[in-house]
Amino acid sequence: MGYPYKPHASETLVLSTHFGDPEARTLKGWKDRGGYRALETALGMDPAAIIGVIKESGLRGRGGAGFPTGLKWSFMKPDDGKPHYLCCNADESEPGTFKDREIMRWTPHALIEGCAIGAYAIGAETCYIYIRGEFTEPLQRMEDALAEARAAGIVGRNAMGTGKTINVWVHKGAGAYICGEETALMNSIEGKRGNPRIKPPFPAVAGVFGMPTTINNVETLTAVPHILNQGGAWYKNFARSDNPKSTGTKLWSVCGNIARPGNYEMVMGFPFGEFLRDICGGALPGRELRAIIPGGSSVPIINMEEADRALMDYEGMAAVGTMLGSAGCIVIDNAQSIPRQVARLARFYAHESCAQCTQCREGTAWTTKILERIVAGNGTAEDLDTLLDVADDMTGKTICVLSDSCAVPVVSALQRFRGDFEALITKKTVHTVPVVVS
Amino acid sequence: MSHGPSASAGAIIRSGHHDDAPYEPVFVGEAKVRLDELVKRYPRKVGALLPALWMVQEARGWVSEAGMAEVAAQLDVTPAYVKGVVTFYTMYNQHPVGKYLIQVCTTTPCHVCGAEDVVRAFLDQTGCGELGVTSEDGRYTVIEVECLGACGFATPVMVNSDFLESVSADRVADVLGRYR
Ligand SMILES: Cc1cc2nc3c(=O)[nH]c(=O)nc-3n(C[C@H](O)[C@H](O)[C@H](O)COP(=O)(O)O)c2cc1C
Ligand code: SF4
Ligand code: FES
C-alpha cells in the first residue's frame with residue numbers, strides 16, 4: 001500500500017498487505033492472518049530444500065546489492081562444526097529509503113518469522129536484528145513482538161516444539177550510516193567501532209565473532225515466509241516475461257518533491273514513468289519533475305527522459321544507467337538547485353565516512369568543499385574537472401563502497417546536468433523558476 | 001562519525017552542566033541483572049558494549065568518562081577501548097545536553113522539502129541560536145542529523161527518543177509547546 005495512503009489498484013500487496021492495521025502487530029493478529037505457518041513448514045523441511053525453494057523463487061537481496069538470496073544461503077557450509085549466525089540488516093540509513101521501518105512497525109512478526117526460517121536454513125542458532133538507534137518505535141515493536149514469540153515458544157530453546165534452538169535478539173545501533181555495510185555491522189555487534197573489514201574473508205567464512213555468517217536485509221527476510229507458503233514458482237511469476245532475473249514484488253519508498261510520498265509495493269518491471277506520475281501523483285502543483293535518484297542516494301541520478309523509459313527492476317534501472325539499489329526513490333523538481341542538492345549529498349558521505357581509507361576520508365571532504373564553493377558562487381572553471389578527478393580516485397579503491405557512493409551522484413549529475421553547475425560558475429541563474437528551498 | 005562534525009562532540013556546554021558530582025554507578029540492582037542477561041546474548045562479553053552504553057545514557061542522559069570506565073570494568077575491556085567505541089557513534093552524548101535534545105534531519109530528501117527552514121525555526125524559537133548550543137535555560141539543544149530513515153515524512157525530528165514525522169516550520173511552535 002502507498003502507506004500512509006490507501007493501496008493503489010496497480011500495487012501488488014504481499015509484504016505490505018497489513019501496513020496500517022494495528023491488529024497485525026500482535027501474535028494473535030498475526031496468526032489469524034496466516035502467520036507462522038511457513039515457519040512450521042520450514043522446521044519440518046531439510047534446510048537444503050528450503051534453500052532450493054528460495055533459489056527457485058529468484059529472490060534477490062533488497063538491501064541494495066541485489067545478490068541472489070538462495071545462493072548466498074548456500075555458501076553456509078552445513079556440519080562444519082562451527083556456530084553459524086544470521087544478521088538481519090535493519091540499519092536503514094540510505095537516504096531515500098524508509099521501507100524496513102514500515103515492515104517493523106506494522107508486521108514485526110513477519111520479520112521474526114523470516115529471521116527464524118533464514119536462521120534454520122543456514123544452520124544458525126542465533127540471529128541478531130541490527131536496528132539503527134534512531135528507530136525507537138520500530139525497535140519497541142520488534143521487542144514487543146519478540147517477547148510474545150519467545151513466551152509462545154515460537155523462538156528460543158525449543159522453537160515450536162521441535163527441539164531446535166533459534167534465538168532472535170535485537171541489537172540497537174548508535175548512529176552511524178556505515179554500520180549498514182555488512183562487515184561494519186558485524187563489528188558493531190561485536191562491540192567494536194563500526195569500521196568495514198577488508199574482504200576476503202567473506203562473511204560466510206568469517207563473519208560476526210569470526211564465525212560463518214549470513215547477512216540479509218529486513219525486506220529480503222520478510223519475503224521468505226510468503227515464498228515458502230506459496231512456492232518459488234508463484235514468486236517468480238511476478239516478473240517481466242522478457243526478464244526472469246528480477247522476480248517478486250519490491251517496496252518502493254518515494255520521497256522528495258512528489259505529490260504522494262510513501263511506500264508502494266510494485267511488481268518487478270512496472271513502468272517507472274507511470275508509477276511516478278499516476279501512482280505517486282506526479283509533481284507538486286505548479287512544478288515539474290526534473291531528476292530522480294531511484295535507488296537510494298548511492299545510485300546515479302537520472303533525468304525525466306530516462307525515468308520515463310525505465311522499468312522498475314534491477315535490469316530495467318541498469319538499462320537507463322542507474323540502479324535499483326534499495327528502491328529509495330528521491331524525486332527532485334524544477335524548483336531545486338541540483339548542484340546544491342548534490343553538495344548536500346556529498347556532505348552526507350563526508351559526515352558518514354568511517355575515515356579508514358585516505359581516498360574516502362579526503363575525497364568525500366574535498367568533494368563537499370568544492371561543491372559547496374561552487375554553490376556559494378565561488379567556483380572556478382577548473383572545479384568541474386577537479387571533481388571528476390577526485391571522483392575517479394574515490395572509485396574502486398577503498399575497503400567498502402561508501403567512497404564510490406559519494407562519487408556516483410557527483411559524476412552522474414555532471415553527466416546529466418552539467419549546465420546547472422556551469423551556470424553557477426559563470427554566475428548565471430540556474431532555473432527560470434525561483435529556487436524555493438532556501 | 002569519527003572525523004565528521006559529530007553531533008555530541010560538537011555540543012557546546014554552557015552554565016549549569018558540570019560534571020562535579022561524584023559518580024553514581026549505573027550497574028547496580030536491576031540494571032546489573034539486566035546487563036548480565038544482555039551479556040548472555042553474545043559469545044563474547046564485549047558484544048554487550050553498545051547495549052551497556054545505551055543503559056548508561058538512558059540513566060544519566062549522557063556517557064561520561066566515569067560511565068565509560070564503569071562499562072569497561074563490567075565488560076573486561078579498557079576504558080580507552082570503550083572511549084574509542086563511544087567516539088565512533090554519534091548517538092552517544094559525550095557531553096551533557098539540554099533537557100530536550102532536538103535532532104532535525106537535513107539530508108537531501110528532507111532538504112528538498114524545506115528542512116533548513118525547520119532547523120531555523122527550532123534555533124530561533126528555542127533560543128539556542130546556533131546548532132549544538134544548549135539554550136540558557138538548559139532546556140534545549142538543537143542539532144542537525146543525517147537521514148533518519150523516514151524521508152517520506154519530511155521533516156522527521158527526534159526530541160529525545162520521540163520520533164516526530166512531517167514537522168514543517170509552522171508546526172515548530174506547536175512541537176515546542178509539548179516539550180517545556
Ligand atoms: C555504506 C553502505 C551502507 C549500507 N547500508 C545498508 C542498510 O542500511 N541496510 C541494508 O539492508 N543494507 C545496507 N547495505 C548493504 C549491505 O552491506 C548488505 O549488502 C545487505 O544488507 C545484504 O542483504 P541482502 O542481500 O538481503 O540485500 C549497505 C552497504 C554499504 C556499502
Ligand atoms: S571507503 Fe570510506 S567508509 Fe568505507 S571503509 Fe573506507 S573510509 Fe570507511
Ligand atoms: S533524508 Fe530526512 S529522513 Fe531521510
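Note on naming: letters A, B, ... go to the chains in the order of the sequence lines (proteins, then strands), and numbering restarts at 1 for each one.
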Practice problem: Determine yes or no for a side-chain-to-main-chain donor-acceptor pair under 3.5 angstrom, with A/Thr136 supplying the side chain and B/Ser161 the backbone. | Solution: yes
Quiz item: Does A/Lys369 NZ have over 12 foreign heavy atoms under 6.0 Å away?
Solution: no
Quiz prompt | Flag if over 12 foreign heavy atoms under 6.0 Å of CD, B/Glu58 | solution = yes
Quiz item: What part of A/Asp100 lies closer than 4.5 angstrom to a heavy atom of chain B: side chain, backbone, both or neither?
Solution: neither
Quiz item: Side chain, backbone, both or neither: which part of A/Ile330 has a non-hydrogen atom closer than 4.5 Å to chain B?
Solution: side chain
Exercise. Could you tell me which non-hydrogen atom of A/Phe98 sits nearest to which non-hydrogen atom of B/Ala150, and how far apart they are?
Key: CB-CA, 3.8 Å
Practice problem: Can you tell which part of A/Val331 gets under 4.5 Å to a heavy atom of chain B, answering side chain, backbone, both or neither? | Solution: backbone
Practice problem: Specify the closest pair of heavy atoms between A/Gln341 and B/Thr108, including all atoms of both residues, with the distance to one decimal. | Solution: O-OG1, 3.3 Å
Quiz item: Who among B/Glu146, B/Met158, B/Arg44 has the most heavy-atom pairs with chain A under 4.5 Å?
Solution: B/Glu146
Quiz item: Is there a donor-acceptor pair under 3.5 Å between the side chain of B/Trp54 and the backbone N or O of A/Gly173?
Solution: yes
Quiz item: Between A/Arg105 and B/Glu165, does at least one N-O distance fall below 4.0 Å, as a salt bridge requires?
Solution: yes
Quiz item: Hey, which of A/Arg260, A/Met211, A/Glu190, A/Arg347 has the most heavy atom pairs under 4.5 Å with chain B?
Solution: A/Glu190
Self-check item: B/Arg41 charged N/C atom sitting above A/Tyr128 aromatic ring, 6.0 Å / 45°
Solution: no
Self-check item: Heavy-atom proximity to chain B below 4.5 Å, by part of A/Val170
Solution: backbone
Quiz item: Considering all heavy atoms of both residues, which atom of B/Pro43 and which atom of A/Tyr85 are nearest to each other, and what is their separation?
Solution: CG-OH, 3.2 Å
Exercise. For B/Cys151 and A/Cys255, work out which heavy atoms get closest and say how close.
Key: O-CB, 3.5 Å
Exercise. For the residue pair A/Ser188 and B/Tyr89, confirm or rule out a side-chain donor-acceptor distance under 3.5 Å.
Key: yes
Practice problem: Just give me the residue among B/Asp162, B/Leu75, B/Val82, B/Leu50 that pairs up with chain A most often, heavy atom to heavy atom, under 4.5 Å. | Solution: B/Leu50
Practice problem: Using a cut-off of under 4.5 Å on heavy-atom pairs, state which of B/Thr106, B/Val145, B/Leu49 scores highest against chain A. | Solution: B/Thr106
Quiz item: Any donor and acceptor pair, going by atom type alone, linking the side chain of B/Thr107 with main-chain N or O of A/Pro95 inside 3.5 Å?
Solution: no
Quiz item: Would you say the side chain of B/Phe163 lies within less than 4.5 Å of the side chain of A/Arg101, judging by non-hydrogen atoms?
Solution: yes
Quiz item: Does the side chain of B/His111 come within less than 4.5 Å of A/Arg340's, by heavy atoms?
Solution: yes
Quiz prompt | Side-chain touch B/Tyr42/A/Ile189, heavy atoms, less than 4.5 angstrom | solution = yes
Quiz item: Heavy-atom distance under 4.5 Å to chain B: side chain of A/Thr97, backbone, both or neither?
Solution: backbone
Quiz item: Between B/Phe88 and A/Asn195, which heavy-atom pair has the shortest distance, and what is it?
Solution: CE1-OD1, 3.5 Å
Quiz item: Quick one: do A/Arg344 and B/Glu116 make a salt bridge, cutoff under 4.0 Å?
Solution: no
Practice problem: Considering non-hydrogen atoms only, spot the tightest contact between A/Ser93 and B/Cys147 and give its length. | Solution: O-CB, 4.2 Å
Quiz item: Judged by atom type as modelled, is there a donor-acceptor pair below 3.5 Å linking the side chain of A/Arg193 to the main-chain atoms of B/Gly84?
Solution: yes
Practice problem: Side chain from CB out, backbone as N, CA, C, O: work out which of these in A/Arg132 comes under 4.5 Å of a heavy atom of chain B, or both, or neither. | Solution: side chain
Quiz item: Which atoms of A/Glu134 come close to chain B, meaning under 4.5 Å heavy atom to heavy atom: side chain ones, backbone ones, both, or neither?
Solution: both
Self-check item: Non-hydrogen side-chain atoms of B/Pro51 and A/Lys172 separated by less than 4.5 Å
Solution: no
Exercise. Would you mind checking which part of B/Ala154 comes under 4.5 Å of any heavy atom in chain A, side chain (CB onward), backbone (N, CA, C, O), both or neither?
Key: neither
Quiz prompt | Student check: side-chain heavy atoms of B/Thr90 and A/His351 closer than 4.5 Å | solution = yes
